[in-house]
Amino acid sequence: MKRSLCFSLAALYAALFAVAAAAQEVTLRMVSAFPENQFYVKRTVDWIDKVNKEGKGILQINFLGGPKAIPTFEVGKAVQSGVVDIGFSTGAFYTNVMPEADMLKLSETSAAEQRRNGGYELINKIWGEKGNMRYLAKVVEFTPFHLYLNKKIDKPDLTGLKIRITPVYREFFQSMGASVMTTAPGEVYTALERGVIDGYGWPIHALFDLNWQEKTKYRVDPGFYNAEVSLIMNLDKYKALPASAREFLDNETLAYEKQNDFWKTYNQNEAKRQAQAGIQVITFDPATNKAFVEKAKEIGWATAIKESPVYGPQLKKVLAR
Ligand code: 173
């Protein structure tokens, strides 16, 4: 009799504990600005699975999907307003929230260095103040952008060519005479297929995810800038998290960021894959190549400082070398 009372009390406590834990468990709604068939997103969905396993009773992430849920260029606004809690995006997709969003492409210091040199705090100051966002972690870096073309050029002159862009490439490509057209990644394949564009800006990787190799003849080397893709969160929601959930989320996002060396080998393989797919490299003489990269950087910072006279120079101190 005593024994069974003891058992039933233990069971009762266990049940109460489970109820209390479940009451504390927070579920965050997340969307991706990149299409779901992109490797970035699949890798992030794997990370979410791990978070959800480890976060039982503390925190869960509910992945709602890619641009079909929220269009690419609306994800930043959705995070800012709290329509969703977390966004997986690059800054170029939410310059409609603040111009600073696109400036992280100018990073020459790594995310790890930015955690140490005050960069991470500065980013969070700006993202909080102007975007009502918490910048959780950068999960793609060490990745240059390139110009991809279907017409051959023998010098960095894009006069007469129509190039698909995002804000990442606008001023740089325009400085070479290109006429430009902004599209989300999801629209590039059709634009290439229809011959609406002669080329596009894109990182060294992830062409194959969207089958663009089928419609791409050339890649211009060298690459320039440093692709940034990150997890951003609505700041009110972040602040309202129970301390244990916030600590858990900070740890999980940091652990994800710490895997960024992954991209170094991944990118080497992607370049090989492009060669195997018949994409030819266009490159110039060493002096022209050097000037090409320097011009990208110069135009990038000039634009940043013009668009954000206070934060542009502050960001330069922690991002540039
Ligand atoms: O070209 C793009 O769509 C773009 O701006 C970008 C930025 C970071 C990673 C991938 C693409």
Side-chain angles (χ1 to χ4, degrees), residues 31-44 66-67 70-76 87-108 110-111 123 135 137-149 158 162-174 178 180-192 196-213 215-216 219-220 223-232 256-257 260 262-264 266-267 270-271 274 296 299-300 303-304 307 319:
V31 292
S32 165
F34 292 96
E36 275 166 61
N37 46 350
Q38 240 185 280
F39 172 68
Y40 288 169
V41 185
K42 292 183 188 159
R43 185 171 180 260
T44 301
I70 305 263
T72 299
F73 295 111
E74 296 305 320
V75 167
F88 176 71
S89 181
T90 182
F93 298 161
Y94 56 95
T95 53
N96 51 356
V97 172
M98 54 186 168
E100 290 83 358
D102 184 42
M103 294 176 194
L104 303 183
K105 72 183 179 195
L106 298 168
S107 291
E108 292 169 284
S110 67
I123 292 165
Y135 189 91
K138 186 190 285 191
V139 298
V140 176
E141 62 176 326
F142 308 124
T143 299
F145 292 103
H146 285 261
L147 167 64
Y148 295 88
L149 290 172
L158 303 177
K162 182 128 188 204
I163 310 291
R164 171 271 174 186
I165 58 153
T166 66
V168 166
Y169 326 92
R170 181 177 291 119
E171 286 76 17
F172 182 40
F173 290 177
Q174 280 176 334
V180 298
M181 183 177 112
T182 302
T183 83
E187 285 147 37
V188 174
Y189 187 91
T190 312
L192 286 167
V196 175
I197 51 174
D198 303 305
Y200 55 89
W202 190 248
I204 185 71
H205 60 214
L207 255 83
F208 294 90
D209 302 357
L210 304 166
N211 277 323
W212 298 354
Q213 81 284 358
K215 305 283 168 198
T216 304
R219 181 185 77 239
V220 176
F224 52 92
Y225 302 148
N226 188 355
E228 169 267 346
V229 179
S230 63
L231 294 162
I232 47 172
Y256 195 13
E257 180 178 285
N260 285 350
F262 167 86
W263 297 108
K264 295 177 181 171
Y266 186 79
N267 290 343
E270 288 281 286
Q274 287 184 20
I299 289 180
T303 307
E307 288 179 346
L319 303 187

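First listed ligand is number 1; within each ligand, the first listed atom is number 1.
In terms of protein heavy-atom proximity, atom 8 (C) of ligand 1 is nearest to Thr90 OG1, 3.5 Å. Summary of contacts: the protein heavy atom closest to atom 6 (C) of ligand 1 is Phe145 CE2, 3.8 Å. The protein heavy atom nearest to atom 10 (C) of ligand 1 is Pro203 CG, 3.4 Å. In this structure, atom 11 (C) of ligand 1 lies nearest to the protein heavy atom Trp202 CZ3, 3.6 Å. In terms of protein heavy-atom proximity, atom 1 (O) of ligand 1 is nearest to Tyr169 OH, 2.5 Å. For atom 5 (O) of ligand 1, the closest heavy atom belonging to the protein is Thr166 OG1, 2.8 Å. The single protein non-hydrogen atom nearest to atom 9 (C) of ligand 1 is Tyr40 OH, 3.5 Å, given as residue, atom name and distance.
Contact atoms of ligand 1 toward Val168: 5 (O) (distance under 4.0 Å to a heavy atom of the residue). Of all atoms in ligand 1, numbered sequentially from 1 with element shown, those under 4.0 Å from a heavy atom of Phe34 are 9 (C), 10 (C), 11 (C). Taking a cut-off of under 4.0 Å to the non-hydrogen atoms of Gly201, the atoms of ligand 1 that pass are 1 (O).
Within the 4.0 Å heavy-atom criterion, neither part of Gln38 lies near ligand 1. Contacts between Val229 and ligand 1 below 4.0 angstrom, taking non-hydrogen atoms only, involve the side chain exclusively.
There is a side-chain donor-acceptor pair under 3.5 Å between Glu228 and Ser230. Using modelled atom types, one finds no donor on one side chain facing an acceptor on the other under 3.5 Å when comparing Tyr225 with Glu108. The closest side-chain donor-acceptor pair between Tyr256 and Thr44 falls under 3.5 angstrom.
In terms of polar-atom proximity, defined here as any N/O pair under 3.5 Å, Arg164 does make such a contact with ligand 1.
The main-chain N or O of Val139 is found under 3.5 Å from a side-chain atom of Trp263 such that the two form a donor-acceptor pair.
For the pair Arg164 and Tyr169, the cation-pi test (distance below 6.0 Å, angle within 45°) is failed.
Atoms CD and OG1, from Glu307 and Thr95 in turn, are 8.0 Å apart once rounded to the nearest 0.5 Å. One finds the NE2 atom of His146 at 13.0 Å from the OG1 atom of Thr216 (value rounded to the nearest 0.5 Å).
Between Lys138 and Ser107, the closest heavy-atom pair is NZ-OG, 3.5 Å.
The closest approach between any non-hydrogen atom of Lys105 and ligand 1 is not below 4.0 Å.
Under the 4.5 Å side-chain criterion, counting only non-hydrogen atoms from C-beta, Ile204 is in contact with Thr143.
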